[in-house]
Amino acid sequence: MIKPSIPKGTRDFSPEIVRRRNYIFQTIRTVFESYGFQPLETPAMENLDTLTGKYGEEGDKLMFRILDNGDILGKAKQAKDSKELSNLICEKALRYDLTIPFARYVVMHQNEIAFPFKRYQIQPVWRADRPQKGRYREFYQCDADIVGSNSLINEIELLSIYDQVFSDLGVDGFELRVNNRKILGGLAELIGKPELLTDITISIDKLDKIGLDGVKKELEERGIDALSIETIERFLVIEGNSEEKLNQLQSLLGNSVTAQKGIGELQEVLFSGDVSYSVQPVFDQTLARGLNYYTGIIIEAKAPSAVKIGSIGGGGRYDDLTGLFGLPGISGVGISFGVDRIYDVLEELNLFPNVVQQSTRVLFLQMDKESRSFIFPLLQLLRKAKIAAEIYPDIAKFDKQMKYANKRNIPFVVIIGENERNEKCASVKNMQNGVQKKIAMDTLTEYLKNTFKML
RNA sequence: GUGGCUGUAGCUCAGUUGGUUAGAGCAUCAGAUUGUGGUUCUGAGGGUCGUGGGUUCGAGCCCCAUUAGCCACCCCA
């Protein structure tokens, strides 16, 4: 006998967890739909060359490749090293994120799509990363993107979506932070090292984790001189509300046309007054986000500080994503929800509504063979009334059937034994308070319907 | 890819300087209860102590190797 197990970094989702996850997905999906986003699904696997080179060297390493079927030995023998080998014997890979497949889709279907195209996509992605707490090799991404429009209205709408979803989920105290890559670009220009933008953003991105001194140390290790580090520090320590901070940056980065543009964009997004938020997004010049394809706004949604979970969503604008597939000049902006972390937040703050856990509402016990013919018509009536009901399939001991109802958390049990049949009624037991009532059989459906209406 | 920690029943874990037949709680099944669950009581089943080697009169415990899982780093969601 083999010991059952699942690949590392993957998870089984038991029924109650699936219900809670579906509640999150459903909430997000409903909001996406209400903003006019359309659903899209793409294959679990893509051609390898669609994915390679899109996520940097690290990304290529972390991609799950799919071994070709058939005789691969001959091809394999031509390989000089293992990197070449995997290119010879793998022509497909599991999708690594939802953005690149989306870009591929847009290019392939450009003639059918009405631009600006707003799509959302909720599907699993796979990464051959070494798993650790809160990180998996298979996990869901939940993305909404708009391509083919440069308007900052899109940014505002995406911020509004975050606001709506977290409000709908009841997450009090979440934060929305925004920055603009052009501002960071301006900073890199200011110190005369535009080519080091990526290094600078990667280091700044860790500010939360390693602190100001840590960032300075890392910048030093990345070969940035002391004078420049001092400038970056002056940039990082700016304080105040969004408006004040942007004003200070205006003077610090005044010489950079790029930075000015970024500042202007943020001012429009934050202060247009078009949308009223339950939680006002704030400008945070230290927000960097590692992904280096962002070119405009960058957005991060943070969990309430009480739960210490950090980022629960992020996004930004990227110019020319589809250019990689031969369709240049299309700008996109998108956001993503971190479902696994949102789950942890809701769990920790006890925010899952009780109704999420409900499945079967009524269980009919099977007392003897004769009870069947009474139970099935009632079952059908309840099911037509959208009340989930089931019959215990075996004529088992009474307490075994009761225990089943209890374990399944079924709130009502109906007993139709010989006594009840003689009286043309059914015994209905409320499992929460233990109260049992006899109800005339022909009014049972009505009775249960009304009972559930009241709950 | 680098480093640290841990592998004992289905699950969570005890297990003394190495010493008889390896334990507990939970879960499961049976009974107290032939028409009443979630609380109680009684009993039962369930183990190659991750795997292989070594030290020893004797190893769950010590040593070596190996493997799996967890955690941290890199990077990322």
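Letters go in sequence order (proteins before strands), and every chain restarts at 1. Just so it is clear, the structure is predicted and the values come from calculations on it, not from any experiment.
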Any donor-acceptor N/O pair under 3.5 Å between U36(B) base and Gln401(A) side chain: no
Whole angstrom is fine here: how far is it from OH in Tyr404(A) over to P in G37(B)? 18 Å
Euclidean distance, atom CG of residue Asn433(A) to atom C1' of U36(B) [Å, nearest integer]: 14 Å
Nearest atoms (heavy-atom pairs only) where Lys118(A) meets Ile146(A): CG-CG1, 3.7 Å
Just the rounded figure in Å: distance from P of C71(B) to OH of Tyr136(A). 8 Å
Will you find, in the side chains of Tyr120(A) and Glu33(A), an N or O donor that is under 3.5 Å from an N or O acceptor? yes
Have a look at Glu218(A) and say if it touches a base, only the backbone sugar-phosphate, or nothing, with a 4.0 Å heavy-atom cut-off. nothing
If we count only N and O atoms by modelled type, under 3.5 Å, do the side chains of Tyr23(A) and Arg19(A) hold a donor and an acceptor together? no
Distance check needed: C76(B) C1' versus Asp60(A) CG, whole Å only. 15 Å
Distance flag, aromatic centroids of Tyr162(A) and Tyr277(A), threshold under 6.0 Å: no
Whole-Å distance, Asn430(A) CG to G37(B) P, equals 16 Å
At 4.0 Å (heavy atoms only), tell me whether Lys407(A) reaches a base, stays on the sugar-phosphate, or touches nothing. sugar-phosphate
Categorize Glu300(A) for me: base, sugar-phosphate, or nothing, with a 4.0 angstrom heavy-atom threshold over every strand shown. nothing
If you take atom types as modelled and just measure distance, does the side chain of Glu420(A) reach the base of G35(B) with a donor-acceptor pair under 3.5 Å? yes
Tell me what Asp340(A) touches on the nucleic acid: a base, only sugar-phosphate, or nothing, going by heavy atoms under 4.0 Å. nothing
Classify Gly434(A) by what it touches in the nucleic acid, base, sugar-phosphate, or nothing, heavy-atom distance under 4.0 Å. base
With no hydrogens and no angle check, just 3.5 Å: does a side-chain donor-acceptor pair link Tyr294(A) and Arg317(A)? no
Symbol by symbol from the 5' end, with Watson-Crick or G-U pairs under 3.5 Å, [ ] crossing and | another strand, RNA chain B is (((((((..((((.....[...)))).(((((.......))))).....(((((..]....))))))))))))....
What does Gly338(A) touch in the nucleic acid at a heavy-atom separation under 4.0 angstrom: a base, only the sugar-phosphate, or nothing? nothing
Nucleotide nearest Arg130(A) when distance is taken to its side chain, options G3(B), A77(B), C70(B): G3(B)
For Lys400(A), which contact category applies under a 4.0 Å heavy-atom criterion: base, sugar-phosphate, or nothing? nothing
Could you state the CG-C1' distance from Asp199(A) to C75(B), rounded to the nearest angstrom? 14 Å
Can you work out whether Phe139(A) or Lys429(A) has the more 5'-proximal nearest nucleotide on RNA chain B? Lys429(A)
Between Ser427(A) and Gln141(A), the residue closer to the 5' end of RNA chain B by nearest nucleotide is Ser427(A)
